[in-house]
Amino acid sequence: QNVKITNCTFKNVQSGLGTHHNEKQYWKHMHKNITVANNTFTNMKGDAIHLNNVNGAAVTKNKATNGGNFVTFYHSSNIKTANNVVKTFKTPYQVANSSSNVTSESDQFTNTKDSASPAMSVFVDGNSSLTMNNATIASKKKGAVVVNNSAFTLTNSHLTSSYAGSYGVVVNNGKTVNISNNSITGHTGGWGIVAKDAQNLTVANNSVSSFKNALSLIGVANANVSGNTYSVDGDAMHVDSSTAQLTSNKAANGTNFMAI
């Protein structure tokens, strides 16, 4: 515990830094109070930062270019990342395996490597929770953000997905998801926001453009969709087997407002 890694350079290595073991038998033994700040990571074959079983960490003001995952959190809690600048990584940000109270503020993930597999730039999975604000995500992935069986908040952020037939935000079985005040821009085909079998979903005051379709709700319980602006070629909103309140949404010329 009480470990600081600052002002270091990691270059042309397999991985940067991290902790080992996220198996259940090790959950009683948490690493605590880790700081990773002002470091440079270049040409990582694997992860730049991989933290398992951590309670309390700050990952701030790091610069990373070219690698696998920039940061991965497994079974960790009370994590803050901020002002990291990450370029040309496969999956820059991953939160999984019951990680909780993870926050991201003003992180930048650009030029994410072009690939359908793994198919996301930001990945939240396994009953975890992530709050992300003022992020910049320029993705060449099939999905800029993918959330599976987890809680997620995305606010005041800019997402651009240049993969043909791409998705902006995909929510599968999400629990308490808030997507608000974001700019979400696609390439050709695909969907801006897709939610399937989610609960307690808020989609508010977003601008969604340049996808084939903007928003799809399938099997969603308790959705609040309000104040969004859609400019796409196809459907602004597609609602199927869902309970949703739709208020004050706007569609640009040439966009079908709703398909049910």
Side-chain angles (χ1 to χ4, degrees), residues 72-79 91 93-105 118-135 137 139 141-157 159 161 166-184 186 190-208 211 213-230 232 235-249 251 257-260:
T72 298
F73 301 116
Y74 283 164
H75 191 253
S76 294
S77 59
N78 303 314
I79 307 293
T91 304
Y93 207 101
Q94 184 170 222
V95 180
N97 201 359
S98 300
S99 290
S100 62
N101 194 26
V102 180
T103 64
S104 165
E105 179 68 35
M120 68 289 293
S121 295
V122 175
F123 186 43
V124 190
D125 187 39
N127 198 31
S128 298
S129 64
L130 170 64
T131 297
M132 182 169 278
N133 182 61
N134 196 36
I137 304 172
S139 174
K141 294 291 190 179
K142 190 172 183 181
V145 178
V146 176
V147 181
N148 291 336
N149 194 33
S150 295
F152 179 62
T153 296
L154 179 70
T155 54
N156 304 306
S157 297
L159 277 66
S161 185
S166 62
Y167 297 82
V169 180
V170 179
V171 180
N172 296 309
N173 299 298
K175 303 173 181 179
T176 310
V177 175
N178 181 4
I179 304 168
S180 298
N181 300 301
N182 304 291
S183 172
I184 304 174
W191 292 82
I193 301 170
V194 175
K196 184 176 181 180
D197 299 326
Q199 302 175 26
N200 302 320
L201 172 70
T202 298
V203 180
N205 303 312
N206 300 285
S207 172
V208 182
F211 292 92
N213 304 290
L215 172 67
S216 176
L217 306 179
I218 303 173
V220 175
N222 191 27
N224 186 345
V225 180
S226 63
N228 300 287
T229 301
Y230 310 115
V232 294
D235 296 335
M237 294 184 289
H238 175 87
V239 181
D240 183 4
S241 303
S242 299
T243 304
Q245 182 174 348
L246 312 175
T247 309
S248 301
N249 299 282
F257 190 69
M258 179 177 290
I260 299 176

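It should be emphasised that the depicted structure is a prediction, and the values quoted were computed from it without experimental measurement.
- The main-chain N or O of Asp235 is found under 3.5 Å from a side-chain atom of Asn213 such that the two form a donor-acceptor pair.
- Closest heavy-atom contact between Ser150 and Asp125: OG-C, 3.4 Å.
- Distance alone, capped at 3.5 Å, places no donor-acceptor pair between the Thr202 side chain and the Asn178 backbone.
- For the atom pair CG (Asn149) and CG (Asp197), the distance works out to 11.0 Å, reported to the nearest 0.5 Å.
- Inter-residue side-chain proximity for Val208 and Ile193 is flagged as met; some heavy-atom pair is nearer than 4.5 Å.
- For the pair Gly168 and Ile184, the tightest heavy-atom approach, listed with the atom from each and the gap, is CA-CG2, 4.1 Å.
- Annotation: the span from Asn206 atom CG to Asn181 atom CG amounts to 7.0 Å, rounded to 0.5 Å.
- Distance alone, capped at 3.5 Å, is enough to place a donor-acceptor pair between the Asn249 side chain and the Asn228 backbone.
- Within the 3.5 Å criterion, the main-chain N or O of Asn101 finds a donor-acceptor partner in the side chain of Ser129.
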request  = Begin from the C-alpha positions of Asn222 and Asn200 and carry the test side chain to side chain donor-acceptor pair (under 3.5 Å) through to its verdict.
outcome  = CA-CA 5 Å; Asn222 191 27; Asn200 302 320; 2.7 Å; yes
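- For the pair Tyr93/Val102, a side-chain contact is recorded, criterion being any heavy-atom separation below 4.5 Å from C-beta on.
- Residues Leu154 and Val122 fail the side-chain proximity criterion, which asks for heavy atoms closer than 4.5 Å.
- When side chains are defined from C-beta on, Met132 does not count as touching Val145, because their heavy atoms never get closer than 4.5 Å.
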message = Assess the residue pair Val169 and Val203 against the criterion (side chain to side chain contact (heavy atoms under 4.5 Å, CB included)); give the C-alpha distance rounded to whole Å, side-chain angles, the decisive distance to 0.1 Å, and a yes or no.
response = CA-CA 11 Å; Val169 180; Val203 180; over 6 Å; no
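- A donor-acceptor pair under 3.5 Å is formed between the side chain of Ser99 and the backbone N or O of His75.
- The shortest side-chain heavy-atom distance between Ser248 and Ser226 does not fall under the 4.5 Å cut-off.
- Within the 4.5 Å cutoff, side-chain heavy atoms of Tyr74 are placed close to those of Gln94.
- The structure places CG of Asn78 at 9.0 Å from OG1 of Thr103, a figure rounded to the nearest 0.5 Å.
- Between Lys196 and Val220, the shortest heavy-atom distance links the atoms N-CG2, 4.4 Å.
- Formation of a donor-acceptor pair under 3.5 Å by the Ser121 side chain with backbone atoms of Thr91 is not found in this model.
- Among all heavy-atom pairs drawn from Ser242 and Gly219, the shortest one is OG-N, 3.1 Å.
- Atom CG in Asn148 sits 7.5 Å away from atom CG in Asn173 (nearest 0.5 Å).
- Smallest separation of non-hydrogen atoms from Ser128 and Ser98: OG-N, 3.3 Å.
- The closest side-chain donor-acceptor pair between Thr155 and Asn133 falls under 3.5 angstrom.
- Applying the side chain to side chain donor-acceptor pair (under 3.5 Å) rule to Ser104 yields the partners Asp107; only residues at least two apart in sequence or on another chain are considered.
- A distance of 10.0 Å separates NE2 in His238 from CG in Leu215, rounded to the nearest 0.5 Å.
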message = The test is side chain to side chain donor-acceptor pair (under 3.5 Å); show your working for Asn134 and Asn156 and say whether it passes.
response = CA-CA 5 Å; Asn134 196 36; Asn156 304 306; over 6 Å; no
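- Counting only distance, with no hydrogens or angles, the side chain of Asn182 and the backbone of Ser157 share a donor-acceptor pair below 3.5 Å.
- Atom CD1 of Ile179 is separated from atom CG of Leu201 by 6.0 Å, given to the nearest 0.5 angstrom.
- Taking the side chain as every heavy atom from C-beta outward, Lys175 and Asn127 approach each other to under 4.5 Å.
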query = Between Trp191 and Phe211, does a side chain to side chain contact (heavy atoms under 4.5 Å, CB included) hold up when you go through it step by step?
reply = CA-CA 6 Å; Trp191 292 82; Phe211 292 92; 5.6 Å; no
